[in-house]
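If you're wondering where the values come from, they're calculated on a predicted model, not measured in any experiment.
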Amino acid sequence: MQNTTLSLAQVDKQVLDDPFGYAMASRDADVLYLVRDALTAGRGQLAFQPVVTSDAQHQVAFYEGLMRLSDESGRVLPAAHFMPQVEDTDLGRQIDCLSLELALRKLRQNPDLRLSVNLSARSIGDGEWRRTLDRGLLDRNNLGDRLIFEISETSAMLLHENVIRFMAEMQPKGVGFALDGFGAGLIAFRHLKSFFFDLVKIDKSFIRGIERDSDNQVLAEALITVAHQFEMFAVADGVETAAEAEFLEGLGVDCLQGYYFGVPKPAL
């Protein structure tokens with residue numbers, strides 16, 4: 001009883017000393033519980049957002065499969081609320097495993113589908129994730145030829161030697177790689193030639209209102225030029241208006257992605 005009273009007193013003191021910090025910690029604990037519960041119960045699915053060509057037809061080049069977890073009531077847990085907390089934990093590895101498993105299943109069901117999924121560099125060395133990938137690559141339908149892994153700049157540079165070795169291993173198997181958030185992370189241009197990225201996704205911060213933002217215009221054009229110099233496709237991410245799309249097409253971007261062309265949906 002004495003320990004319980006002391007514990008409650010400590011909680012009360014924490015609330016009084018830093019009410020905002022206590023509220024944030026409580027919220028984070030709740031979110032982690034919801035994520036763990038959703039994974040245990042198998043309440044995860046991919047939502048698909050199209051990436052389209054920058055020509056007049058705007059044909060779908062591939063889809064990005066975005067992980068969605070839901071609580072017991074079916075409400076989707078916002079990824080922005082939990083991914084920063086779980087990316088470097090075992091929960092992050094479980095999310096990557098489930099995302100890959102769902103992506104491989106969708107590729108088997110749709111022979112004409114090309115699909116990208118997000119990948120943390122830390123998952124490359126995870127045994128369960130690697131076994132899931134190896135099983136998928138043994139499929140007689142050559143799933144590797146239609147699979148793309150998206151790796152953020154921060155993640156790529158965190159374990160860059162592991163990422164480079166993994167890319168070299170996967171390249172003969174047809175697996176593609178996309179550098180996510182290009183221009184906003186830690187990667188230096190001199191490191192690009194060491195990787196095997198097939199395409200880059202220009203960070204959304206350079207796309208927003210580009211038709212009227214001269215700074216974004218210069219930066220986006222430079223990033224597109226760098227991508228093409230290293231023989232990579234350039235994708236503009238976060239396109240929300242016709243004006244943004246039209247301006248980016250004029251800069252020579254190869255593909256476009258964003259709410260203007262389609263919101264993420266559970267069905268293709």
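- For the salt bridge (charged side-chain N to carboxylate O under 4.0 Å, His left out) test, residues two or more places apart in sequence or in another chain that qualify with R43 are D37.
- With sequence neighbours left out, the salt bridge (charged side-chain N to carboxylate O under 4.0 Å, His left out) criterion links R146 to no other residue.
- Legend: salt bridge (Lys or Arg N to Asp or Glu O under 4.0 Å) pairs involving residues 157-182, not counting sequence neighbours, sorted by first then second residue: R130-E169.
- Sorted by first then second residue, the salt bridge (Lys or Arg N to Asp or Glu O under 4.0 Å) pairs that include residues 100-117, not counting sequence neighbours, are E101-R105, R108-D139.
- Partners of R208 under the salt bridge (charged side-chain N to carboxylate O under 4.0 Å, His left out) rule, at least two apart in sequence or in another chain, do not exist in this structure.
- Checked against salt bridge (charged side-chain N to carboxylate O under 4.0 Å, His left out), R140 has no partners two or more places apart in sequence or in another chain.
- Listed by chain and number, the residues in a ring-ring contact (aromatic ring centres under 6.0 Å, His included) with F261 are H58 (sequence neighbours excluded).
- For residues 213-223, no pair satisfies salt bridge (Lys or Arg N to Asp or Glu O under 4.0 Å), with sequence neighbours left out.
- For T53, the side chain to side chain donor-acceptor pair (under 3.5 Å) test picks out D55, with sequence neighbours left out.
- Cluster partners of I148, by chain and number: V51, F62, L199, F233, V235. The rule joins Ile, Leu, Val, Met, Phe, Trp and Tyr whenever side-chain heavy atoms lie under 4.5 Å apart.
- Among residues at least two apart or in separate chains, side chain to side chain donor-acceptor pair (under 3.5 Å) pairs with a member in residues 225-238 are H228-D254.
- Under the side chain to side chain donor-acceptor pair (under 3.5 Å) criterion, the residue pairs touching residues 255-268 are Q49-Q257, E64-Q257, K201-Q257, with sequence neighbours excluded.
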